[in-house]
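Since the model is a prediction, treat every value here as computed from it, not as a measurement. Note on naming: letters A, B, ... go to the chains in the order of the sequence lines (proteins, then strands), and numbering restarts at 1 for each one. For the numbers below, each heavy atom of this structure counts, side chains included, while hydrogens, waters and symmetry mates do not.
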Protein chains: 2
Amino acid sequence: MTKRETTILQAAEAMVRQGGYNSFSFRDIATEVGIKSASVHYHFPTKEDLGAAVAQYYTDKFIDALGDPNDIHSSGKNPIESYIAAFRAALIEDKGMCLCGVLGAEADALPESVIAATRMFFVRNIEWLERAYLCLGHTENSKAAAIQTVSLLEGAMITSGAMTDISYFDASIELLKLIDIRV
Amino acid sequence: MTKRETTILQAAEAMVRQGGYNSFSFRDIATEVGIKSASVHYHFPTKEDLGAAVAQYYTDKFIDALGDPNDIHSSGKNPIESYIAAFRAALIEDKGMCLCGVLGAEADALPESVIAATRMFFVRNIEWLERAYLCLGHTENSKAAAIQTVSLLEGAMITSGAMTDISYFDASIELLKLIDIRV
DNA sequence: GTCTATAATTTGATAGAC
DNA sequence: GTCTATCAAATTATAGAC
């Protein structure tokens, strides 16, 4: 992945997170990056290529930023709280939805490879969360707790975004605290 | 609202729920309904008009189908279970996302009146849920419980849709049962 | 790698006949 | 209300020069 390609993916990420897969064009990306649309096609021949690449780029970046749940736990912190903080930061700092939450909502009309990349976001996040809950002692319900956590956070972003009020996000995630009492 | 306008809104609803606001055109709607695109413009002059109308149509239909939470409770049923069933039916029978969940995810790039109509979906759903939790005895946390419920259901639809596996929806909504123990 | 130029199609929208 | 006809702009994508 060259620097230019990374810059293109960053521009695409911002636009998908604001309005979805069909809300931007190759010209929009090109203008933002400071090149021409034909040059964007050189790096990503079709929009499907670009869509799948940005979903994978976002997922890699997101999972990488989380770090290892066991390491977080070993250092005395709660990995679930770290995970929640990652979503909250994405909502506040980037002022945007979760990229794969948006693509997931539009999934029925997306090209196959974009759907596949979007699905991988959820697979890898649920894997991460399951390991986090396991090291917190949830030996029986770790998979279910993981699914519940990612679902609630995706929904909290949407509710909060639709209401344009971060307090709806914070009110939503309070529900996650109830998972702990189930250990 | 004439029959023709209702038919147009139903076609638009299906398309938004499949792929979002920018995934369909006036021609798509016209073909589906069996008329020409100019005729669609006669009923809904701009796409913003159509978008706002379909969000309001969907919300009215959804809230109306729920009925009154007090009546449900009086008849011996749990209104929250009725609410969950409404979302599950929307996911299975229509094979689509929540229309306002999709629009909420795309909100940053939608026309003002479409965002406003989308926000009303969440306002009215939270109101309904708050009344439901109140009649179940949640006198202190009814608003928070309402927000948590709609967020989790919206997120459960996205996760389930992205994974194309309804079991992710069912695993997600198990978390709502924990709200009861908080009464 | 990036550009100019352009093809082929689609899009939201309007004018005016019936 | 619906149609034909049309428009101007935008869209994805390609060919070929530099």
Side-chain angles (χ1 to χ4, degrees), chain A residues 1-55 57 102-103 106-115 117, chain B residues 1-57 102-103 106-115 117-118:
Chain A
M1 195 64 58
T2 65
K3 287 179 187 173
R4 177 52 42 95
E5 281 162 355
T6 301
T7 307
I8 291 170
L9 290 177
Q10 286 168 344
E13 177 194 330
M15 291 175 190
V16 173
R17 291 176 64 182
Q18 277 168 30
Y21 183 79
N22 293 299
S23 74
F24 73 95
S25 69
F26 273 75
R27 269 186 180 73
D28 294 329
I29 301 287
T31 302
E32 182 69 25
V33 174
I35 55 179
K36 296 296 178 181
S37 68
S39 301
V40 180
H41 278 284
Y42 169 80
H43 296 286
F44 302 96
T46 71
K47 193 170 185 183
E48 177 173 356
D49 293 328
L50 177 56
V54 75
Y57 165 77
V102 177
L103 294 179
E106 299 173 329
D108 281 355
L110 294 181
E112 290 247 359
S113 65
V114 182
I115 299 174
Chain B
M1 194 64 57
T2 65
K3 286 179 188 174
R4 180 48 47 94
E5 281 161 356
T6 300
T7 306
I8 291 171
L9 290 177
Q10 287 168 343
E13 177 194 330
M15 291 175 191
V16 173
R17 290 176 66 181
Q18 276 168 30
Y21 182 79
N22 293 300
S23 74
F24 72 95
S25 69
F26 273 76
R27 272 183 179 74
D28 294 329
I29 300 287
T31 301
E32 181 68 26
V33 174
I35 55 179
K36 296 296 177 181
S37 68
S39 301
V40 180
H41 278 284
Y42 168 80
H43 296 285
F44 302 96
T46 71
K47 193 170 185 183
E48 178 172 356
D49 293 328
L50 177 56
V54 76
Q56 190 175 353
Y57 165 77
V102 177
L103 294 179
E106 299 174 329
D108 281 357
L110 294 181
E112 291 249 357
S113 64
V114 181
I115 299 175
T118 301

Just to be sure I understand the rule, does [X] reach a base, reach only the sugar-phosphate, or reach nothing, if contact means heavy atoms closer than 4.0 Å?
| X | value |
| --- | --- |
| A:Tyr42 | base |
| A:Phe24 | sugar-phosphate |
| B:Arg4 | sugar-phosphate |

For B:Tyr21 and A:Ile35, take the nucleotide of DNA chain C holding the closest heavy atom to each; which residue's nucleotide lies nearer the 5' end?
A:Ile35
Kindly say if A:Ser39 contacts the phosphate of C:dG1, meaning a side-chain N or O under 4.0 Å from OP1 or OP2.
no
Below 4.0 Å: OP1/OP2 of C:dT10 and any side-chain N or O of B:Ser25:
no
Rounding to an integer number of Å, can you tell me how far [X] [atom1] sits from [N] [atom2]?
| X | N | atom1 | atom2 | value |
| --- | --- | --- | --- | --- |
| A:Glu5 | C:dT2 | CD | P | 9 Å |
| A:Ile8 | C:dG1 | CD1 | C1' | 10 Å |
| B:Glu48 | C:dA13 | CD | C1' | 14 Å |
| A:Phe44 | D:dT12 | CZ | C1' | 16 Å |
| B:Arg27 | D:dT6 | CZ | P | 13 Å |
| A:Lys47 | C:dT9 | NZ | C1' | 15 Å |
| B:Phe26 | D:dT4 | CZ | P | 18 Å |
| B:Asp49 | C:dT14 | CG | P | 10 Å |

Nearest to the side chain of [X], which nucleotide is it out of [options]?
| X | options | answer |
| --- | --- | --- |
| A:Thr2 | C:dT4, C:dG1, D:dT2 | C:dG1 |
| A:Lys36 | C:dT4, D:dT2, C:dT2 | C:dT4 |
| A:Ala38 | C:dT11, C:dT4, D:dG1 | C:dT4 |
| A:Thr46 | D:dT2, D:dA13, C:dG12 | D:dA13 |
| A:His43 | D:dA13, C:dT11, C:dG1 | C:dG1 |

Does B:Gln56 CD have over 12 foreign heavy atoms under 6.0 Å away?
no
How far apart are the closest heavy atoms of A:Glu106 and A:Gly19, and which atoms are they?
OE2-O, 4.0 Å
Is B:Lys47 close enough and on-axis enough to B:Phe24, meaning under 6.0 Å and within 45°, for cation-pi?
yes
Measuring only between side-chain heavy atoms, which start at C-beta, is A:Asp49 closer than 4.5 Å to A:Thr46?
yes
Check whether any side-chain heavy atom of A:Leu103 sits under 4.5 Å from a side-chain heavy atom of A:Ile115, and report yes or no.
no
